Amino acid sequence: KQEVTQIPAALSVPEGENLVLNCSFTDSAIYNLQWFRQDPGKGLTSLLLIQSSQREQTSGRLNASLDKSSGRSTLYIAASQPGDSATYLCAVSTGNQFYFGTGTSLTVIP
Amino acid sequence: GAVVSQHPSRVICKSGTSVKIECRSLDFQATTMFWYRQFPKQSLMLMATSNEGSKATYEQGVEKDKFLINHASLTLSTLTVTSAHPEDSSFYICSAPGTGNYEQFFGPGTRLTVL
C-alpha cells in the first residue's frame, strides 16, 4: 500500500526566507503528484500538479520537483510571506486511488 | 479548472439524527467521486469511492451502513451520516477526478458537528 510522508511536520520561518517542504512516497508507480494548501477550517487549494513524466512545475513563487524513481518530491517557496502560512499537503495518484501525506504546517513570521 | 461544490458548508445536528451532504461537479461529469474525512490537525483519510450507477466501495474500517453513499447522477454524489454521534464530528471533503490526467478537484468541505 502506498504511504506518503511529509517532513517536517511543522516549520516556522521569518518573512522573506526561502524554504523547502519534503514529500516522500513508497511506491513509485504513480500517475501524478499534487501539492495542496489548506487554511485552518477550510478546504484544499491545489497549488501544483506534476505528471509522472515531468520533473518539475512552477507557479509564481512556488516550484515543485518530482523524482519518481527515488519516491521524492519537494515544494520550494521563494521569498516567503505571512500569507503563505497554512498547512501544505502532498498527494499521489495511482490512477483512481489518491493518497495524502501527513502535511507540513508552515508559519511565516512577519 | 473544474469546480466541485459541497452543500452544506457547515451543519450542526443532534445525536441520533441523520445528515446528508451533497457533492456536485459543476462543469464536468464524474463517474467516480471520493469522500474523505479529516479530524483536527490530521491529514485526509479516504472513506469511500462513490461510483455512478453502482455501489460505493468503502475503505477498511468504514461502516457502510452508517455512511450511506449514493451516486445518483454523473454530477452528484451524496453522503448520509446516519444516527450521528459526537465522534462523527469532523470535516468531510469530496473530490472528483478530471479527465485524462487523474488530477483531483476538491470540494470546499463540510464541517459536521454532532451535539
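Numbered from 1 within each chain, the chains take letters A, B, ... in sequence-line order. Not measured: the values here are computed from a predicted model.
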Would you check if A:Phe100 and B:Met45 make a side-chain contact, meaning some heavy-atom pair closer than 4.5 Å? no
Using heavy atoms and a sub-4.5 Å threshold, report which of residues 35-44 of chain A line up against chain B, by residue number. A:Phe36, A:Gln38, A:Gly41, A:Lys42, A:Gly43, A:Leu44
Heavy-atom pair with the smallest gap, counting every atom of B:Ala56 and B:Asn51: CA-ND2, 4.1 Å
Straight-line distance of B:Thr57 OG1 to B:Phe34 CZ, nearest 0.5 Å: 9.5 Å
Inter-residue atom distance A:Tyr31.OH - A:Lys68.NZ, 0.5 Å rounding: 10.0 Å
Sort B:Leu44 into side chain, backbone, both or neither according to what part of it lies under 4.5 angstrom from a heavy atom of chain A. both
Identify the residues of residues 70-83 of chain B whose heavy atoms come closer than 4.5 Å to a heavy atom of chain A, ordered by number, or report 'none'. none
Cationic N near anionic O, under 4.0 Å, B:Asp88 to B:Lys66: yes
Under 4.5 Å to a heavy atom of chain B? For A:Ser46 that would be side chain
Give the minimum heavy-atom separation between B:Phe39 and B:Glu87, together with the two atoms involved. CE2-O, 4.0 Å
Any side-chain heavy atom of A:Leu19 within less than 4.5 Å of one from A:Leu106? yes
For chain A, the option from B:Gln38, B:Gln42, B:Gln6 that forms the most heavy-atom pairs under 4.5 Å: B:Gln38
Please tell me whether B:Phe106 and B:Tyr36 form a close aromatic pair, meaning their ring centres lie under 6.0 Å apart. yes
Taking it one step at a time, do B:Arg24 and B:Glu22 satisfy salt bridge (Lys or Arg N to Asp or Glu O under 4.0 Å)? CA-CA 7 Å; B:Arg24 292 182 185 272; B:Glu22 293 186 347; 3.4 Å; yes
Would you confirm whether A:Arg61, through its side chain, and A:Ala79, through its main-chain N or O, come within 3.5 Å as a donor-acceptor pair? yes
What are the two closest heavy atoms between A:Thr74 and A:Ser65, and how far apart are they? OG1-OG, 2.6 Å
